[in-house]
There are 2 protein chains.
Amino acid sequence: MLTDRQLFILQIIIDDFIRSAQPVGSRNLAKKEDVSYSPATIRNEMADLEEMGFLEKTHTSSGRVPSEKGYRYYVDHLLAPGSLARSEKTAIHSIFTDRQHGIEKAVQNVATILSELTSYTSIVLGPKFNDHKVKNLQIIPIDDDTAVAIIVTDTGHVENRLFSLPEGIEAADIEKMVNILNDRLTGLPLSELQRKIYQETAELMKRHIQNYEAVLKMFADAAGGPELGKLFIGGKTNIFNQPEFRDIEKVRLVMDMMEKESDIYELVRPTEAGIQVKIGTENAEQAMEDCSLITASYSVGDEPVGTIAILGPKRMEYSRVITLVDFLSHDMTNVLTRLYNTRL
Amino acid sequence: MLTDRQLFILQIIIDDFIRSAQPVGSRNLAKKEDVSYSPATIRNEMADLEEMGFLEKTHTSSGRVPSEKGYRYYVDHLLAPGSLARSEKTAIHSIFTDRQHGIEKAVQNVATILSELTSYTSIVLGPKFNDHKVKNLQIIPIDDDTAVAIIVTDTGHVENRLFSLPEGIEAADIEKMVNILNDRLTGLPLSELQRKIYQETAELMKRHIQNYEAVLKMFADAAGGPELGKLFIGGKTNIFNQPEFRDIEKVRLVMDMMEKESDIYELVRPTEAGIQVKIGTENAEQAMEDCSLITASYSVGDEPVGTIAILGPKRMEYSRVITLVDFLSHDMTNVLTRLYNTRL
DNA sequence: ATTTAGCACTCGGGTATAAAGAGTGCTAAC
DNA sequence: GTTAGCACTCTTTATACCCGAGTGCTAAAT
């Protein structure tokens with residue numbers, strides 16, 4: 001449906017626009033060394049490409065600019081697979097060498113480095129802990145009517161929550177409870193914890209502890225943690241560098257969205273595995289109209305547990321970013337899988 | 001040094017400029033009902049005020065704009081003490097009624113509500129936990145060479161850190177250690193924890209546990225927590241509403257700063273008690289040139305533990321914000337002091 | 001049947017000019 | 001001491017103008 005020459009011209013136009021942010025005209029295009037057609041020929045092809053919806057004009061006599069459909073086609077069919085510089089690879093690997101600070105810090109670093117490497121905004125959805133298994137449970141009484149529930153997972157992650165103690169509960173009873181809980185629940189994945197608390201321990205507790213129900217209920221409530229991981233965003237202000245965001249209203253739209261965690265979750269919520277590219281209005285979010293989002297999930301074993309994403313202008317360096325995000329997501333998958341399996 | 005009339009005029013000019021963001025001219029000023037001088041008189045006074053450095057012109061024949069010195073004088077001498085609307089007071093009190101979610105959530109709410117109430121940007125430096133006392137210590141081994149250190153304070157705050165276990169340590173030894181640690185360190189303020197760990201427990205451990213030193217060292221390292229509380233920022237994008245920040249470069253400067261935690265810490269690091277107003281270049285930070293910052297510390301008992309702050313344009317509603325910040329900081333002090341004391 | 005050269009036309013951006021509006025400073029009168 | 005009057009300044013807005021980059025179309029060249 002598109003001739004080779006049309007493909008070639010479309011590609012050059014988009015490549016050029018991505019670099020320059022300027023509408024590209026037939027004259028300048030013809031001047032490039034690897035282009036051997038006359039401006040007039042190019043104009044004709046451009047007119048056809050526009051008619052088919054791949055290009056647009058900003059006004060009647062301006063050069064051409066890729067349309068959303070144009071970008072889509074470019075991403076789906078024309079992308080030259082890029083490769084990473086050695087320095088980029090080492091930068092990425094270095095994130096995970098220092099393991100001592102725990103997963104959170106590492107994920108934070110991923111966000112920072114991604115945004116620095118791309119000079120776009122990075123979003124990293126930290127791993128969810130549903131699959132991680134309970135290593136240890138504690139109930140630490142704070143005063144007469146409050147206690148802290150602590151859950152340690154086999155990955156070294158610690159969840160804690162305050163909860164109310166019913167009146168008249170005894171320290172000895174709490175100790176007994178903790179023993180029973182640990183005995184029965186250690187090794188369970190967090191996702192099943194809440195469901196199994198009653199099932200596994202109620203019977204036993206009934207026998208040994210009076211008034212156990214109220215405590216157990218509070219503890220079970222506290223155990224119902226967040227389903228998703230934490231969000232990290234790097235390079236929030238990088239959008240200011242983009243010439244098409246000289247307009248303060250546009251910047252504001254994007255900035256406002258970035259402050260609203262729920263919107264960002266919606267954007268990067270893991271859906272399918274692999275790399276996804278959402279261009280402009282392909283994103284549900286209104287504020288993303290002039291932006292594109294490239295997401296990749298990373299996994300532990302075969303289970304996707306989080307997402308890394310790059311948010312940039314529609315005029316994004318798709319090739320570079322896709323290569324980078326792909327590489328990094330695999331790297332994260334490897335590291336996390338190894339980390340997790342050694343602790344099984 | 002300033003006549004009453006000059007004070008009066010200065011005040012009206014600043015009030016007006018804060019409202020309108022427009023340079024104010026003699027003609028318009030004279031039209032106000034409570035002004036009974038002719039434009040010419042006002043012009044003379046304005047010229048004097050300018051000569052003294054309280055006012056500035058944006059160009060030779062523009063109206064006057066307050067200088068930094070003008071704002072300073074206004075804040076120090078001319079501020080009409082404002083009062084809060086009932087709705088504002090209830091909004092503030094409501095932050096602390098729901099205590100179940102712990103201090104972090106409450107502080108987060110403070111930031112959000114502050115920014116909504118003022119439509120400026122709010123910064124809240126969460127309480128530091130130095131004074132909070134150790135309630136319970138745990139060491140949970142994760143695998144052969146890693147463990148999590150957990151510190152629970154009497155306020156229900158939980159600190160946790162991953163650390164390396166030396167080789168060949170036994171589970172039984174760890175249990176003994178935890179017992180000794182709890183026995184000796186419970187009740188100590190966090191700030192002294194690290195220092196006292198050796199002092200209080202080394203002797204005892206030497207007697208019962210072999211190879212205790214390596215573990216103790218790691219644990220002591222992990223206990224050295226952050227000195228300051230967490231930062232919360234609300235309404236980051238509110239600056240976009242200010243007409244003097246139509247300029248994308250100015251916005252960027254401020255936004256960049258807000259992404260840099262260390263800069264913000266520097267800005268709101270608690271210094272003296274009470275309310276402080278820093279206008280424009282009175283702030284060390286370059287990016288604050290066109291902004292003002294109003295800070296107030298809040299305390300537990302007599303000890304300041306954190307800061308709340310409002311960051312806005314130099315043309316800020318000083319009166320309103322000061323009243324609000326003052327009220328809120330006292331409210332927080334009361335709530336936290338009560339909370340803390342019941343748990344002593 | 002393509003491809004290309006040539007040309008008329010369009011539009012945005014930059015510059016010059018003019019007029020309007022808001023404001024000042026100064027002088028002289030009140 | 002206060003104020004009216006006036007000349008002057010500077011910004012803003014509007015208008016006209018030209019230039020450059022680009023297009024679309026037609027006709028010639030390949």
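Every chain is numbered from 1, with letters handed out A, B, ... down the list of sequences. Predicted model, so just to flag it, every value in this text is computed and none were measured.
The two residues B/M316 and B/I310 have their closest heavy-atom pair at CE-O, 4.0 Å. Taking every heavy atom of both residues into account, A/P243 and A/A21 meet most closely at CG-CB, 3.7 Å.
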Let me have the donor-acceptor pairs involving side chains of residues 48-56 of chain A, under 3.5 Å, with sequence neighbours excluded, atom names and distances please.
residue, atom, partner, partner atom, Å
A/E50, OE1, A/R64, NE, 2.9
A/E50, OE1, A/R64, NH2, 2.9

Distance-only criterion, 3.5 Å: show the donor-acceptor pairs between side-chain atoms of residues 10-18 of chain A and protein atoms not counting sequence neighbours.
residue, atom, partner, partner atom, Å
A/Q11, NE2, A/L78, O, 3.1
A/D15, OD1, A/Y74, OH, 2.6
A/D16, OD1, A/K32, NZ, 2.8

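Here salt bridge (Lys or Arg N to Asp or Glu O under 4.0 Å) pairs that include residues 237-246 of chain A, with residues two or more places apart or in two chains, are A/E244-A/R315, A/R246-B/E249.
Within residues 1-18 of chain B, the residues having any heavy atom closer than 4.0 Å to DNA chain D are, in order of number, B/R5.
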*Show your working on salt bridge (Lys or Arg N to Asp or Glu O under 4.0 Å) between B/K260 and B/D263 and close with a plain yes or no.*
CA-CA 6 Å; B/K260 224 175 136 201; B/D263 286 358; 3.7 Å; yes

*List the protein contact pattern of nucleotides 15-30 of chain C with one symbol per nucleotide (5' to 3'): B for base contact, S for sugar-phosphate-only contact, - for none; contact means a heavy-atom distance under 4.0 Å.*
-------BBBBB----

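Rounded to whole Å, atom C1' of D/dG20 lies 12 Å from atom NZ of A/K31. Remark: C1' of D/dG22 and CD of A/Q22 are 13 Å apart, rounded to the nearest angstrom. Between the NE2 atom of A/H59 and the P atom of C/dC9 there is a distance of 19 Å, rounded to whole Å.
When atom types are taken as modelled, the side chain of B/S122 and the backbone of B/A111 share a donor-acceptor pair closer than 3.5 angstrom.
Partners of A/H330 by ring pair (Phe, Tyr, Trp, His ring centres under 6.0 Å), not counting sequence neighbours: none found.
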